[in-house]
Amino acid sequence: MNFSVPSDFVHQAHLQAQHASRGASPNPAVGCIITSPTGQILGQGHTQKVGGPHAEVMALRDAAAHGHSVEGATAYVTLEPCSHHGRTGPCCDALIAAGIGKVVASLADPNPLVAGNGFARLRAAGVVVEVGPGAEEARELNIGFFSRMVRKTPWVRMKIAASLDGKTALADGTSQWITSEAARTDGHAWRARASAVLTGIGTVLEDDPRLDVRLVDTPRQPHLVIVDSQLQTPLDARLFIAGRAVFIYAAAPNDAKKSELEAHGATVIHLPGRAPGTENKVDLAAMLQDLGRREINELHVEAGHKLNGSLIREGLVDEFLVYLAPKFIGQGLDMANLGPLSALSQAVALEFKSVDLLPPDLRILARVPGRDRF
């Protein structure tokens with residue numbers, strides 16, 4: 001298909017990037033469209049699974065497979081072409097070698113190993129570089145990658161399914177199913193784009209969940225992170241899925257249980273609180289820093305009201321993905337155990353990013369103001 005204006009090509013590049021959103025982690029999800037001077041799409045591609053080709057190389061291969069020369073062509077790419085040798089070679093060098101004449105990129109890469117070097121190498125080789133079209137869309141798609149590169153911690157998104165009066169379960173803990181199948185499927189799509197899913201030991205013991213992606217197609221399963229202060233995770237828990245990394249954060253030392261869990265494929269990290277009185281609890285802030293070092297971009301939280309409350313009280317949640325069912329439950333479990341406030345000014349202020357109807361439920365994406373300014 002031919003497109004008449006550059007904005008159409010930028011849009012097509014972003015559609016390609018979306019194809020990478022479930023499989024590229026820990027790399028950013030990037031798309032690339034290569035066009036001729038007359039507006040013909042010569043090649044297109046997106047970043048493959050980690051260790052595989054990046055978007056630019058895939059687009060170059062696509063053009064070659066169709067017998068197209070890219071000499072003097074324009075490459076529309078959603079992120080600055082990389083300039084370093086990591087798991088793959090530099091994409092800027094591949095574009096230069098192919099004879100690309102112009103690169104239109106949505107954003108500079110926040111990775112310190114790139115950070116403008118890709119643009120500089122392209123310009124030094126005589127390639128025209130334009131930066132900016134589609135920047136906001138590209139950044140939102142890779143907000144976890146930007147968070148990890150700049151803040152050194154993942155972007156934390158807390159998912160909650162609740163009734164219209166804010167209850168996540170009956171008083172006895174029954175919660176299947178408050179929201180509809182449409183909401184659950186959408187929730188799995190958000191799981192799929194995350195690098196890891198986080199839950200607490202309470203949820204593991206009460207529900208024995210798998211917390212994997214089943215309702216949408218995905219090329220990989222996100223890692224699983226468990227906050228388990230006393231190392232109570234059962235060895236026969238359903239969460240142990242072949243090929244998926246499981247990270248368990250503990251506060252109390254238990255070498256015997258640690259060895260058993262690690263024999264099941266888990267990685268156990270001892271990370272007790274450092275402040276007086278917190279020695280028996282996991283240091284949640286330090287856990288996020290450790291997950292950043294483990295290349296976790298987006299952390300998708302699906303936990304109970306106790307862990308939710310702890311994460312919120314410590315200011316560690318960046319945004320909330322809330323599904324509201326059109327029903328009232330009355331007495332039941334709250335979204336988060338925050339405790340009483342002495343003044344309304346102490347409330348956690350949020351801003352709505354989107355409100356969408358997923359019949360019959362409502363999906364709300366709300367963000368802590370200023371958390372995305374990095």
Checklist entry - Is there a donor in the side chain of Ser342 and an acceptor in the side chain of Gln346, or the other way round, less than 3.5 Å apart? => result yes

Checklist entry - So, Arg139 side chain and Asp372 main chain: donor-acceptor pair closer than 3.5 Å or not? => result yes

Checklist entry - Are any side-chain N or O atoms of Arg123 and backbone N or O atoms of Val128, one a donor and one an acceptor, separated by less than 3.5 Å? => result no

Next on the checklist: Can you tell me if Glu136 has over 12 outside heavy atoms packed within less than 6.0 Å of its CD?
Outcome noted: no

Item to check | Asp62 side chain to Gly45 backbone, donor-acceptor under 3.5 Å | outcome: no

Checklist entry - Under 3.5 Å, is there a donor-acceptor pair linking the side chains of Tyr249 and Asp283? => result no

Next on the checklist: Is it the case that the side chain of Glu80 and the backbone of Ala108 share a donor-acceptor pair, with hydrogens and angles ignored and the cut-off at 3.5 Å?
Outcome noted: no

Next on the checklist: Side chains of His46 and Thr78: any donor to acceptor distance under 3.5 Å?
Outcome noted: no

Item to check | Pairs touching residues 216-244 that satisfy salt bridge (charged side-chain N to carboxylate O under 4.0 Å, His left out), sequence neighbours left out | outcome: Asp208-Arg238

Checklist entry - Okay, side chain of Thr199, backbone of Glu302: is any donor-acceptor separation there less than 3.5 Å? => result yes

Checklist entry - Taking the six-membered ring for Trp, are Tyr76 and Phe9 parallel (under 30°), tilted (30 to 60°) or perpendicular (over 60°)? => result tilted

Item to check | More than 12 heavy atoms of other groups within 6.0 Å of Lys49 NZ | outcome: no

Item to check | Presence of salt bridge, Lys102 and Glu130, under 4.0 angstrom | outcome: yes

Checklist entry - Do side-chain atoms of Glu298 reach the backbone of Pro154 as a donor and acceptor pair under 3.5 angstrom? => result no

Item to check | Minimum-distance pair of heavy atoms, taken over all atoms of Thr168 and Ser175 | outcome: O-CB, 3.3 Å

Item to check | Of Ile226, Val204, Leu239, Ile201, the residue whose pairing with Ile248 passes side-chain contact (heavy atoms from CB on, under 4.5 Å) | outcome: Ile226

Checklist entry - Checking Asp318 side chain against Arg371 main chain: does a donor-acceptor pair fall under 3.5 Å? => result no

Checklist entry - Taking atom CG of Leu365 and atom CZ of Arg363, what is their separation to the nearest 0.5 Å? => result 7.5 Å

Next on the checklist: If you count heavy atoms of other groups shown closer than 6.0 angstrom to CD of Gln230, is the number above 12?
Outcome noted: yes

Next on the checklist: Testing the 3.5 Å rule here: is there a donor-acceptor pair between the side chains of Asp361 and Ser180?
Outcome noted: yes

Checklist outcome for this item: Note: Leu42 and His68 closest approach over all heavy atoms is O-CD2, 3.2 Å

Item to check | Shortest non-hydrogen separation from Ser21 to Leu141 and the atoms involved | outcome: CB-CD1, 3.9 Å

Item to check | Phe320 side, atom CZ; Met158 side, atom CE - distance, nearest 0.5 Å | outcome: 5.5 Å

Item to check | Check: Pro222 main-chain N/O paired with Arg191 side-chain donor or acceptor under 3.5 Å | outcome: no

Checklist entry - Under 3.5 Å, side chain of Asp334 to main-chain N/O of Ala336, donor-acceptor pair present? => result no

Checklist entry - Is there a donor-acceptor pair closer than 3.5 Å between any side-chain N or O of Arg148 and the backbone N or O of Pro26? => result yes

